[in-house]
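Below, chain A is the first sequence line, B the second, and so on; all start at residue 1. Remember, predicted model here, so these are calculated numbers, not experimental data.
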Amino acid sequence: EPEVTQTPSHQVTQMGQEVILRCVPISNHLYFYWYRQILGQKVEFLVSFYNNEISEKSEIFDDQFSVERPDGSNFTLKIRSTKLEDSAMYFCASRRTGEAEYFGPGTRLTVT
Amino acid sequence: EDKVVQSPLSLVVHEGDTVTLNCSYEVTNFRSLLWYKQEKKAPTFLFMLTSSGIEKKSGRLSSILDKKELFSILNITATQTGDSAIYLCAVGAAGNKLTFGGGTRVLVKP
């Protein structure tokens with residue numbers, strides 16, 4: 001069964017450094033998402049992406065964040081200058097029209 | 001602001017028991033309600049509900065939606081230790097995002 005994949009599974013970075021989190025959505029899906037979950041808290045929406053552009057973003061998704069679909073398969077989240085409070089599990093998700101969102105296994109980001 | 005509230009926060013049952021998990025919501029332009037199971041990392045999809053009163057069933061799990069009263073329940077019958085997890089309710093609005101509840105942590109003891 002097709003799955004969303006994410007790399008790396010764990011990323012440790014120093015405050016102020018740039019990180020890129022990578023995702024490969026399910027191949028025939030058209031809507032792509034990034035969510036995050038800070039330890040012990042709710043899963044929070046960051047951004048949705050459709051037809052090669054951002055369709056919606058949350059207030060968390062400020063100028064430090066960007067997304068890209070550089071080719072037909074990858075979907076990336078870049079954080080330009082990481083802060084301690086960016087430490088969280090980042091989930092990529094994808095879906096087809098009218099269907100449910102399927103989540104990847106997540107990337108645990110630790111900012112020191 | 002969209003809001004999803006789950007109850008109870010947590011529960012402990014013994015194998016063979018039945019559990020009922022609740023999810024109430026307030027969203028603008030409701031699209032769908034989804035249930036996920038979160039064991040270690042990623043939320044795993046269980047059900048998507050869009051219409052009131054139609055029960056969705058998968059093995060020992062079932063779920064139903066009430067769009068008039070704005071809630072859903074997830075039932076697990078004949079619980080097994082493998083059902084131990086956090087169960088997440090999420091509501092999709094007409095935009096694209098899902099709004100998640102805080103989850104219900106279920107522990108099934110042998």
If we count only N and O atoms by modelled type, under 3.5 Å, do the side chains of A:H10 and A:T110 hold a donor and an acceptor together?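 Yes, A:T110 and A:H10 have a side-chain donor paired with an acceptor closer than 3.5 Å.
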
A:S48 and A:S55: side chain donor to acceptor below 3.5 Å: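 Judged by distance alone, the side chains do pair up.
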
Heavy-atom cut-off 4.5 Å, strictly under: side chain, backbone, both or neither for B:F47 against chain A?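 Neither part; nothing is under 4.5 Å.
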
Atom group of B:I86 that falls short of 4.5 Å from chain A, counting heavy atoms: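 Neither part.
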
Would A:F91 and A:Y33 count as a close aromatic pair, with their ring centres under 6.0 Å?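 No: the rings miss the under 6.0 Å criterion.
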
Compute the ring centroids of A:F103 and A:Y35, then answer whether they are less than 6.0 Å apart.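 That pair passes the under 6.0 Å test.
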
Can you tell which of A:G106, A:A100, A:A93 has the highest number of heavy-atom pairs within less than 4.5 Å of chain B?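 The residue among A:G106, A:A100, A:A93 with the greatest pair count is A:A100.
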
Name the member of [options] that forms the most heavy-atom pairs with chain A at distances under 4.5 Å.
options	value
B:L98, B:T44, B:T99	B:L98
B:L34, B:T50, B:V4	B:L34
B:G101, B:P43, B:G102	B:P43

Got more than 12 heavy atoms from elsewhere within 6.0 Å of CG, A:L84?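 Enclosed: over 12 neighbouring heavy atoms sit under 6.0 Å from CG of A:L84.
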
Measuring heavy-atom distances to chain B, does A:E99 have an atom under 4.5 Å in its side chain, in its backbone, in both, or in neither?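 Contact with chain B is through the backbone of A:E99 alone.
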
Cation-pi check, A:R69 onto A:F75 ring (under 6.0 Å, within 45° of axis):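 Output no; distance or angle outside limits.
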
